[in-house]
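Reading through the C-alpha coordinates given below for one structure.
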Amino acid sequence: MSEAKAPQQRGGYTEDVSAERLAEIGLRFEVDGEIATITLDRPDKRNAQTFATWSALARIGDNLPERVRVVVVNGEGPSFSAGIDLRMFTPEGVPGQGSFSSAARLDSASFEELLEQAQQGFLWLRRPEIVSIAAVRGHAIGAGFQLALACDLRIVADDVKFCMKEPALGLVPDLTGTKPLVDLVGLAKAIDICLTARVVEADEAFRIGLAERVVAGGDLAKAVQEKAAQLLSTNRDAAAATKRLLQGAQGRTLEEQRAAEGAEQAERLRALFAGGS
(Lines give C-alpha, C1' and ligand atoms only; values in the text may rest on other atoms or scores of the structure.)
Protein backbone atom coordinates (compact mmCIF):
# COMPACT_ATOMS: atom_id res chain seq x y z
CA MET A 1 0.00 0.00 0.00
CA SER A 2 1.44 3.37 -1.00
CA GLU A 3 1.37 6.61 0.93
CA ALA A 4 2.03 10.28 0.31
CA LYS A 5 3.44 10.94 3.77
CA ALA A 6 5.54 8.82 6.06
CA PRO A 7 7.50 8.96 9.32
CA GLN A 8 11.28 8.59 9.55
CA GLN A 9 12.05 11.39 7.15
CA ARG A 10 15.30 13.10 6.27
CA GLY A 11 13.54 16.41 6.81
CA GLY A 12 10.20 17.43 8.29
CA TYR A 13 7.41 16.84 5.85
CA THR A 14 5.75 20.15 5.09
CA GLU A 15 2.47 21.16 3.54
CA ASP A 16 4.44 22.21 0.44
CA VAL A 17 4.99 18.54 -0.39
CA SER A 18 1.51 17.36 0.52
CA ALA A 19 -0.22 15.20 -2.07
CA GLU A 20 -2.69 18.00 -2.74
CA ARG A 21 -0.02 20.59 -3.43
CA LEU A 22 1.96 18.19 -5.61
CA ALA A 23 -1.19 17.44 -7.61
CA GLU A 24 -1.61 21.15 -8.31
CA ILE A 25 1.94 21.27 -9.65
CA GLY A 26 1.54 18.07 -11.66
CA LEU A 27 3.47 15.55 -9.57
CA ARG A 28 2.71 12.43 -7.57
CA PHE A 29 4.92 11.05 -4.80
CA GLU A 30 4.32 7.63 -3.28
CA VAL A 31 6.29 5.47 -0.88
CA ASP A 32 5.87 1.71 -0.68
CA GLY A 33 8.33 0.19 1.77
CA GLU A 34 11.86 0.97 0.60
CA ILE A 35 10.76 2.21 -2.84
CA ALA A 36 9.64 5.76 -3.58
CA THR A 37 8.00 6.67 -6.88
CA ILE A 38 7.88 10.15 -8.36
CA THR A 39 5.49 10.56 -11.27
CA LEU A 40 5.35 13.59 -13.53
CA ASP A 41 1.59 13.91 -13.88
CA ARG A 42 0.68 16.39 -16.60
CA PRO A 43 -0.01 13.96 -19.45
CA ASP A 44 -2.09 16.52 -21.36
CA LYS A 45 1.09 18.68 -21.53
CA ARG A 46 3.40 15.67 -22.09
CA ASN A 47 4.61 16.25 -18.51
CA ALA A 48 6.20 19.60 -19.31
CA GLN A 49 8.15 21.09 -16.39
CA THR A 50 8.05 24.49 -14.70
CA PHE A 51 9.85 26.31 -11.89
CA ALA A 52 7.29 24.77 -9.53
CA THR A 53 8.14 21.27 -10.76
CA TRP A 54 11.80 21.74 -9.92
CA SER A 55 11.11 23.33 -6.54
CA ALA A 56 8.78 20.49 -5.62
CA LEU A 57 11.33 17.88 -6.68
CA ALA A 58 13.87 19.56 -4.40
CA ARG A 59 11.44 19.49 -1.48
CA ILE A 60 10.70 15.82 -2.08
CA GLY A 61 14.43 15.16 -1.86
CA ASP A 62 14.72 17.16 1.35
CA ASN A 63 11.91 15.17 2.92
CA LEU A 64 12.60 11.71 1.57
CA PRO A 65 11.78 9.02 4.17
CA GLU A 66 14.91 7.50 5.70
CA ARG A 67 13.83 3.97 4.83
CA VAL A 68 13.78 4.65 1.07
CA ARG A 69 16.58 2.97 -0.86
CA VAL A 70 15.27 3.10 -4.42
CA VAL A 71 13.64 6.08 -6.13
CA VAL A 72 11.78 5.55 -9.40
CA VAL A 73 11.07 8.57 -11.61
CA ASN A 74 8.52 8.17 -14.39
CA GLY A 75 5.93 10.06 -16.39
CA GLU A 76 2.18 9.57 -16.67
CA GLY A 77 0.96 8.86 -20.18
CA PRO A 78 2.91 8.26 -23.40
CA SER A 79 5.79 10.68 -22.66
CA PHE A 80 8.32 10.87 -19.85
CA SER A 81 8.65 14.65 -20.20
CA ALA A 82 8.61 16.94 -23.23
CA GLY A 83 10.83 19.41 -21.39
CA ILE A 84 10.14 22.99 -20.38
CA ASP A 85 6.58 24.29 -20.35
CA LEU A 86 6.47 26.54 -23.41
CA ARG A 87 4.60 29.20 -21.45
CA MET A 88 7.91 29.99 -19.76
CA PHE A 89 9.10 31.43 -23.08
CA THR A 90 6.22 33.92 -23.23
CA PRO A 91 6.22 37.34 -21.52
CA GLU A 92 3.30 36.26 -19.33
CA GLY A 93 4.98 33.03 -18.26
CA VAL A 94 3.35 30.48 -15.97
CA PRO A 95 0.82 32.10 -13.59
CA GLY A 96 2.43 32.67 -10.21
CA GLN A 97 5.85 31.48 -11.41
CA GLY A 98 7.09 34.07 -13.85
CA SER A 99 8.93 33.41 -17.08
CA PHE A 100 12.38 33.31 -18.59
CA SER A 101 11.86 36.96 -19.38
CA SER A 102 11.37 37.82 -15.72
CA ALA A 103 14.30 35.58 -14.74
CA ALA A 104 16.52 37.42 -17.21
CA ARG A 105 15.85 40.68 -15.36
CA LEU A 106 16.99 39.35 -11.98
CA ASP A 107 20.29 40.50 -10.53
CA SER A 108 23.09 37.93 -10.56
CA ALA A 109 22.62 36.79 -6.96
CA SER A 110 18.86 36.34 -7.34
CA PHE A 111 19.23 34.46 -10.61
CA GLU A 112 21.86 32.16 -9.08
CA GLU A 113 19.54 31.43 -6.16
CA LEU A 114 16.64 30.63 -8.51
CA LEU A 115 18.75 28.33 -10.65
CA GLU A 116 20.35 26.59 -7.69
CA GLN A 117 16.92 25.80 -6.27
CA ALA A 118 15.91 24.29 -9.61
CA GLN A 119 19.12 22.26 -9.82
CA GLN A 120 18.59 20.87 -6.32
CA GLY A 121 15.53 19.09 -7.67
CA PHE A 122 17.89 17.01 -9.81
CA LEU A 123 21.05 16.74 -7.69
CA TRP A 124 19.59 14.78 -4.78
CA LEU A 125 18.78 11.83 -7.06
CA ARG A 126 22.52 11.02 -7.05
CA ARG A 127 22.84 10.58 -3.26
CA PRO A 128 24.89 7.53 -2.26
CA GLU A 129 22.22 6.19 0.10
CA ILE A 130 19.68 5.73 -2.70
CA VAL A 131 19.68 4.36 -6.22
CA SER A 132 17.48 6.28 -8.66
CA ILE A 133 15.91 4.72 -11.74
CA ALA A 134 14.39 6.70 -14.60
CA ALA A 135 11.61 4.73 -16.29
CA VAL A 136 11.49 6.49 -19.64
CA ARG A 137 8.97 6.13 -22.42
CA GLY A 138 8.26 8.41 -25.36
CA HIS A 139 9.67 11.90 -25.34
CA ALA A 140 12.46 12.86 -22.91
CA ILE A 141 13.29 16.31 -24.23
CA GLY A 142 15.49 19.02 -22.69
CA ALA A 143 14.63 19.16 -19.00
CA GLY A 144 13.08 15.71 -19.39
CA PHE A 145 16.35 14.35 -20.79
CA GLN A 146 18.24 15.99 -17.93
CA LEU A 147 15.89 14.49 -15.33
CA ALA A 148 16.58 11.05 -16.80
CA LEU A 149 20.32 11.82 -16.72
CA ALA A 150 20.04 12.83 -13.05
CA CYS A 151 19.10 9.25 -12.21
CA ASP A 152 21.65 6.50 -11.67
CA LEU A 153 19.99 4.09 -14.10
CA ARG A 154 17.74 4.49 -17.13
CA ILE A 155 15.40 1.71 -18.22
CA VAL A 156 13.62 2.77 -21.39
CA ALA A 157 10.74 1.75 -23.59
CA ASP A 158 11.47 1.01 -27.22
CA ASP A 159 9.70 4.21 -28.28
CA VAL A 160 11.98 6.52 -26.26
CA LYS A 161 13.18 9.74 -27.87
CA PHE A 162 15.96 11.59 -26.04
CA CYS A 163 16.77 15.11 -27.21
CA MET A 164 18.82 17.95 -25.67
CA LYS A 165 16.75 20.76 -27.16
CA GLU A 166 18.15 23.74 -25.24
CA PRO A 167 20.87 24.84 -27.73
CA ALA A 168 18.27 24.94 -30.51
CA LEU A 169 16.26 27.34 -28.32
CA GLY A 170 19.26 29.60 -27.66
CA LEU A 171 19.80 28.16 -24.17
CA VAL A 172 22.22 25.75 -22.52
CA PRO A 173 21.36 22.62 -20.51
CA ASP A 174 21.58 23.90 -16.93
CA LEU A 175 19.75 21.30 -14.86
CA THR A 176 22.92 19.30 -14.13
CA GLY A 177 22.65 17.16 -17.28
CA THR A 178 25.91 17.99 -19.05
CA LYS A 179 28.34 16.13 -16.78
CA PRO A 180 26.46 12.81 -16.65
CA LEU A 181 25.94 12.98 -20.41
CA VAL A 182 29.69 13.36 -21.01
CA ASP A 183 30.47 10.69 -18.38
CA LEU A 184 28.10 8.26 -20.08
CA VAL A 185 28.78 8.78 -23.78
CA GLY A 186 32.06 10.72 -24.00
CA LEU A 187 32.78 14.28 -25.05
CA ALA A 188 32.49 13.89 -28.82
CA LYS A 189 29.15 12.10 -28.69
CA ALA A 190 27.82 14.58 -26.12
CA ILE A 191 28.78 17.48 -28.41
CA ASP A 192 27.03 15.77 -31.30
CA ILE A 193 23.85 15.13 -29.30
CA CYS A 194 23.64 18.62 -27.80
CA LEU A 195 24.80 20.85 -30.63
CA THR A 196 22.63 19.18 -33.25
CA ALA A 197 19.63 18.85 -30.87
CA ARG A 198 18.92 15.59 -32.67
CA VAL A 199 16.80 12.74 -31.38
CA VAL A 200 18.45 9.67 -29.85
CA GLU A 201 16.17 6.65 -30.09
CA ALA A 202 16.19 3.43 -28.10
CA ASP A 203 18.70 1.36 -30.08
CA GLU A 204 21.31 4.12 -30.09
CA ALA A 205 20.62 5.00 -26.44
CA PHE A 206 21.43 1.43 -25.45
CA ARG A 207 24.46 1.21 -27.72
CA ILE A 208 26.13 4.38 -26.41
CA GLY A 209 25.33 3.78 -22.74
CA LEU A 210 22.42 6.14 -22.14
CA ALA A 211 20.11 3.25 -21.30
CA GLU A 212 20.86 0.16 -19.25
CA ARG A 213 17.96 -1.78 -20.77
CA VAL A 214 15.39 -1.36 -23.53
CA VAL A 215 12.03 -3.10 -23.25
CA ALA A 216 8.65 -3.02 -24.95
CA GLY A 217 6.45 -0.24 -23.61
CA GLY A 218 4.09 -2.68 -21.91
CA ASP A 219 7.00 -4.28 -20.05
CA LEU A 220 8.53 -1.07 -18.65
CA ALA A 221 6.90 -1.15 -15.22
CA LYS A 222 7.80 -4.82 -14.73
CA ALA A 223 11.42 -4.24 -15.78
CA VAL A 224 11.78 -1.37 -13.31
CA GLN A 225 10.18 -3.45 -10.56
CA GLU A 226 12.62 -6.28 -11.21
CA LYS A 227 15.61 -3.93 -11.11
CA ALA A 228 14.41 -2.38 -7.85
CA ALA A 229 14.13 -5.84 -6.30
CA GLN A 230 17.68 -6.68 -7.40
CA LEU A 231 19.00 -3.45 -5.89
CA LEU A 232 17.22 -4.07 -2.61
CA SER A 233 18.78 -7.53 -2.31
CA THR A 234 22.15 -6.07 -1.34
CA ASN A 235 23.20 -4.79 2.08
CA ARG A 236 22.01 -1.21 2.48
CA ASP A 237 25.15 0.28 4.03
CA ALA A 238 27.49 -1.65 1.75
CA ALA A 239 25.52 -0.45 -1.27
CA ALA A 240 25.84 3.19 -0.17
CA ALA A 241 29.56 2.81 0.48
CA THR A 242 30.10 1.13 -2.89
CA LYS A 243 28.16 3.86 -4.69
CA ARG A 244 30.33 6.50 -2.99
CA LEU A 245 33.43 4.70 -4.26
CA LEU A 246 32.09 4.43 -7.78
CA GLN A 247 31.00 8.07 -7.89
CA GLY A 248 34.42 9.27 -6.77
CA ALA A 249 36.48 6.93 -8.95
CA GLN A 250 36.83 9.13 -12.03
CA GLY A 251 38.18 12.04 -10.00
CA ARG A 252 40.80 9.97 -8.18
CA THR A 253 44.09 8.40 -9.11
CA LEU A 254 44.43 4.66 -8.64
CA GLU A 255 46.35 5.26 -5.43
CA GLU A 256 43.66 7.61 -4.13
CA GLN A 257 40.95 5.12 -5.03
CA ARG A 258 42.86 2.33 -3.31
CA ALA A 259 42.96 4.43 -0.14
CA ALA A 260 39.26 5.28 -0.43
CA GLU A 261 38.39 1.60 -0.80
CA GLY A 262 40.40 0.80 2.30
CA ALA A 263 38.70 3.50 4.36
CA GLU A 264 35.24 2.34 3.34
CA GLN A 265 36.10 -1.30 3.99
CA ALA A 266 37.46 -0.51 7.44
CA GLU A 267 34.12 1.10 8.30
CA ARG A 268 32.23 -1.91 6.97
CA LEU A 269 34.33 -4.38 8.94
CA ARG A 270 33.93 -2.40 12.14
CA ALA A 271 30.17 -2.20 11.63
CA LEU A 272 29.82 -5.91 10.90
CA PHE A 273 32.29 -7.46 13.31
CA ALA A 274 33.30 -4.95 15.98
CA GLY A 275 29.98 -3.50 16.97
CA GLY A 276 30.69 -0.16 15.24
CA SER A 277 28.10 2.15 13.73
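In this text, all values refer to a predicted model and were calculated from it rather than measured experimentally.
The nearest pair of heavy atoms linking S99 to P91 is OG-O, 3.7 Å. Minimum heavy-atom separation, A202 to A157: CB-O, 4.0 Å. Closest approach of L181 and C194 over heavy atoms only: CD2-SG, 3.5 Å. Considering every non-hydrogen atom in both S81 and Q49, the closest pair reads OG-NE2, 3.0 Å.
Partners of S108 under the side-chain contact (heavy atoms from CB on, under 4.5 Å) rule, at least two apart in sequence or in another chain, do not exist in this structure. By the side-chain contact (heavy atoms from CB on, under 4.5 Å) test, E264 pairs with A241, R244, L245, sequence neighbours left out. A search for salt bridge (charged side-chain N to carboxylate O under 4.0 Å, His left out) contacts involving D41 returns R28, not counting sequence neighbours. Under the ring pair (Phe, Tyr, Trp, His ring centres under 6.0 Å) criterion, F80 pairs with no residue at all, not counting sequence neighbours. In terms of the ring pair (Phe, Tyr, Trp, His ring centres under 6.0 Å) criterion, residue partners of F89 (sequence neighbours excluded) are, by chain and number, F100.
A donor-acceptor contact under 3.5 angstrom links the side chains of R126 and T176, judged on distance only. Q117 and W54 form no side-chain donor-acceptor contact under 3.5 Å, judged by distance and modelled atom types alone. Donor-acceptor pairing under 3.5 Å is recorded for the side chains of Q97 and T50. The closest side-chain donor-acceptor pair between Q230 and K227 falls under 3.5 angstrom.
When side chains are defined from C-beta on, I193 counts as touching I208, because their heavy atoms get closer than 4.5 Å. Counting heavy atoms from C-beta on, the side chains of Q119 and Q146 never come closer than 4.5 Å. A 4.5 Å side-chain heavy-atom check between F51 and L114 finds at least one atom pair inside the cut-off. Between V199 and K161 there is a side-chain heavy-atom pair separated by less than 4.5 Å.
The salt bridge (charged side-chain N to carboxylate O under 4.0 Å, His left out) analysis of residues 86-95, with sequence neighbours excluded, yields the pairs D85-R87. Applying the salt bridge (charged side-chain N to carboxylate O under 4.0 Å, His left out) test to every pair with at least one member in residues 43-57, sequence neighbours left out, gives no pairs at all. For the salt bridge (charged side-chain N to carboxylate O under 4.0 Å, His left out) condition, the pairs that include at least one residue of residues 146-156, sequence neighbours left out, are D152-K243. Identified under the salt bridge (charged side-chain N to carboxylate O under 4.0 Å, His left out) test for residues 164-177, with sequence neighbours left out: none.
Note that CZ of R127 is 6.0 Å distant from CD1 of I130, once rounded to the nearest 0.5 Å.
L246 belongs to no multi-residue hydrophobic cluster, having no ILVMFWY side-chain contact under 4.5 Å with any other such residue. The hydrophobic cluster around I141 extends to none of the other residues, as no ILVMFWY side-chain heavy atom falls under 4.5 Å of it. Residues I35, V72, V131, I133, L153, I155, V215, L220, V224, L231, L232 make up the rest of the hydrophobic cluster containing V70, defined by ILVMFWY side-chain heavy atoms closer than 4.5 Å, directly or through other members.
Between R198 and E204 there is a salt bridge, with a side-chain nitrogen of the basic residue lying less than 4.0 Å from a carboxylate oxygen of the acidic one. The pair E255-R258 meets the salt-bridge criterion, with a side-chain N (NZ, NE, NH1 or NH2) lying under 4.0 Å from an Asp/Glu carboxylate O. With salt bridges taken as basic N to acidic carboxylate O contacts below 4.0 Å, none links R207 and D203.
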Verdict with supporting geometry, N47 and S79, side-chain hydrogen bond (donor to acceptor under 3.5 Å, both in side chains): CA-CA 7 Å; N47 300 318; S79 291; over 6 Å; no
